[in-house]
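Report on one structure; see the data block that follows.
Residue numbering restarts at 1 for every chain, and letters A, B, ... go by the order of the sequence lines. Remember, predicted model here, so these are calculated numbers, not experimental data.
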Number of protein chains: 2
Amino acid sequence: MSDRPNPPEKHELISQLYAELSLTSDELTQLAAAYSVARYAKGDTILHEGDTVEYQYYVQSGCLRTYYLDGSGREHTIQFAITDWWISDYTAFFSQEPALLHIEVLADAVLYRISKADMDRLYLEIPALERFYRMKMERAFARFQKRILANLSQSAKERYQSFVTSYPDIEQLVKNYHIASYLGITTESLSRIRRELSNH
Amino acid sequence: MSDRPNPPEKHELISQLYAELSLTSDELTQLAAAYSVARYAKGDTILHEGDTVEYQYYVQSGCLRTYYLDGSGREHTIQFAITDWWISDYTAFFSQEPALLHIEVLADAVLYRISKADMDRLYLEIPALERFYRMKMERAFARFQKRILANLSQSAKERYQSFVTSYPDIEQLVKNYHIASYLGITTESLSRIRRELSNH
DNA sequence: GGAAAAAATTGATCTATGATAAGAAAGAGT
DNA sequence: ACTCTTTCTTATCATAGATCAATTTTTTCC
């Protein structure tokens, strides 16, 4: 359950989320109207491969992951998301092609979701959102580049160490087999790595 | 050398590049003024790790790659760029932190470059650019996600086959050891994969 | 056209991780 | 508190790819 007993009033949260934009009161009201709150329990899957991706989600509390099922039925975790992070199958959200990814709730979550239809309308009505989301995409791109670099140049052990250093909260929250699937190794290999690291 | 004997007039190219935006003549003139043409020879390095990244480049002709040098001095190719593609160390371009990547010219190139200072000014003067670059970042993000998925879920042989299928022009243009470093394997492993594939 | 350099291939051996199986530990439900 | 399920660890064997070295092929330069 979220450590915040109740989510804040929607309008207050939207004000904080877009604080850097200095939007007018009317613009904030428009934005707040476009968001809806969605609560999910641990274990829920809120997107399945093949679905149309209607929403992106802002995580007010909880923990989620996106994952891909390969041809052999193995799960590959693409991203985790905790409080103050965003989550969707972004590729499918942008293109409106069927989802490639699943989204699973790893800890009870309160999410604020907004549809692509509303996003597209609001880009026209509140042009400052273009800049906000361009810069958000730049940061997301940078995180993926860092991930590609790590996958190309680091051993599994090094990648695990980076993960633990960069995301201690997530490391504590999620199961080891999810971490293994994020790192691209099996749970047995992760166990060996953890044993080696604890024997130093 | 470029298969186009001369680059088109700058204004014409900028018109085509931003055709979807239906910019005014004045806006196109402003944009064209911000771009400069840069010609490089095969073998040039136009960005080094540690540099401030002042420009992003549109490739009018030629071929380039970005690469990262790891702690052991090995090169990891992050992206290639051919005609009509963009290239930079984007993470450092956005953040203005020192470059992590190098950019090398693999075939004589004609590039159109624009500085971040000009970009930032033009975002304010031509707001339609915000949308153009947000959507460009969305597509770039999607390509990186596809790359992460492939790295997590495919064997080296599968990744090479996807590469050849997706980028036949690049496969013909660049050296095998660059392809190997893009795929995250050694040149010896790539040779063995190529032999296996040619014996089927 | 020839020499030198670069790129690519091949072979032998090694290593990190995968596959499989079994067992232990932790968590969930009653 | 107990039982069942889920998660995690460990052992053994297999494999994809790395490392190292040598050779061949291709490209570059004069």
(Q) From the set D:dA21, D:dG17, C:dT17, return the single nucleotide nearest to any side-chain atom of A:Ile185. (A) C:dT17

Q: Could you tell me the separation between the CD1 atom of B:Ile193 and the P atom of D:dA16, rounded to a whole number of Å?
A: 11 Å

**Q.** Length of the CG-C1' vector between B:Leu197 and C:dA8, whole Å
**A.** 16 Å

**Q.** Residue mapping more 5' on DNA chain D - nearest nucleotide basis, A:Tyr177 or B:Gln154
**A.** A:Tyr177

Q: Would you classify B:Arg194 as touching base, sugar-phosphate or nothing, given that sugar-phosphate means primed atoms plus P, OP1 and OP2, and contacts are heavy atoms under 4.0 Å?
A: sugar-phosphate

Q: Describe, in one word, how the ring planes of A:Tyr167 and A:Trp85 are oriented to each other, choosing from parallel (under 30°), tilted (30 to 60°) and perpendicular (over 60°).
A: perpendicular

Q: Tell me what A:Ser191 touches on the nucleic acid: a base, only sugar-phosphate, or nothing, going by heavy atoms under 4.0 Å.
A: base

Q. Within this structure, what is the NZ-to-P distance between B:Lys175 and D:dT26, rounded to whole angstrom?
A. 13 Å

Q: Would you please confirm or rule out a distance under 4.0 Å between OP1 or OP2 of D:dT9 and any side-chain N or O of A:Asn176?
A: yes

Q) Rounded to the Å, how far apart are A:Glu196 CD and C:dA16 C1'? A) 9 Å

Q: Using atom CG of A:Leu106 as one end and atom P of D:dT6 as the other, report the distance to the nearest whole Å.
A: 16 Å

(Q) Using whole Å, what does the distance between atom P of nucleotide D:dA18 and atom CD of A:Glu158 come to? (A) 14 Å

Q | Side-chain donor-acceptor pair present, A:Gln56, A:Tyr90, cut-off under 3.5 Å | A | yes

Q. Does the ring centre of B:Tyr57 sit less than 6.0 Å away from the ring centre of B:Tyr112?
A. no

Q: Indicate whether OP1 or OP2 belonging to D:dT10 is found under 4.0 Å from a side-chain N or O atom of A:Arg195.
A: yes

Q. Any N or O donor-acceptor pair linking the side chain of B:Arg192 to the base of C:dG11 at under 3.5 Å?
A. yes

Q | Phosphate-side-chain proximity, A:Arg159 and C:dA16, N/O vs OP1/OP2 below 4.0 Å | A | no

Q: Using a cut-off of strictly less than 4.0 Å, decide whether A:Ser189 has a side-chain nitrogen or oxygen near OP1 or OP2 of C:dG18.
A: yes

**Q.** B:Glu171 and B:Tyr160 side chains, donor-acceptor separation under 3.5 Å
**A.** yes

(Q) Using modelled atom types and a 3.5 Å cut-off, is there a donor and acceptor pairing between side-chain atoms of B:Ser88 and backbone atoms of B:Tyr55? (A) yes

(Q) Between the base of D:dC8 and the side chain of A:Glu188, is one N or O donor paired with an acceptor at under 3.5 angstrom? (A) no

Q: May I ask you to verify if any side-chain N or O of A:Ser155 is less than 4.0 angstrom from the OP1 or OP2 atom of C:dA16?
A: no

(Q) Does B:Gly43 reach a base, just sugar-phosphate, or nothing at all? Heavy atoms under 4.0 Å. (A) nothing

(Q) Any side-chain N or O of A:Lys157 below 4.0 angstrom from OP1/OP2 of C:dT17? (A) no

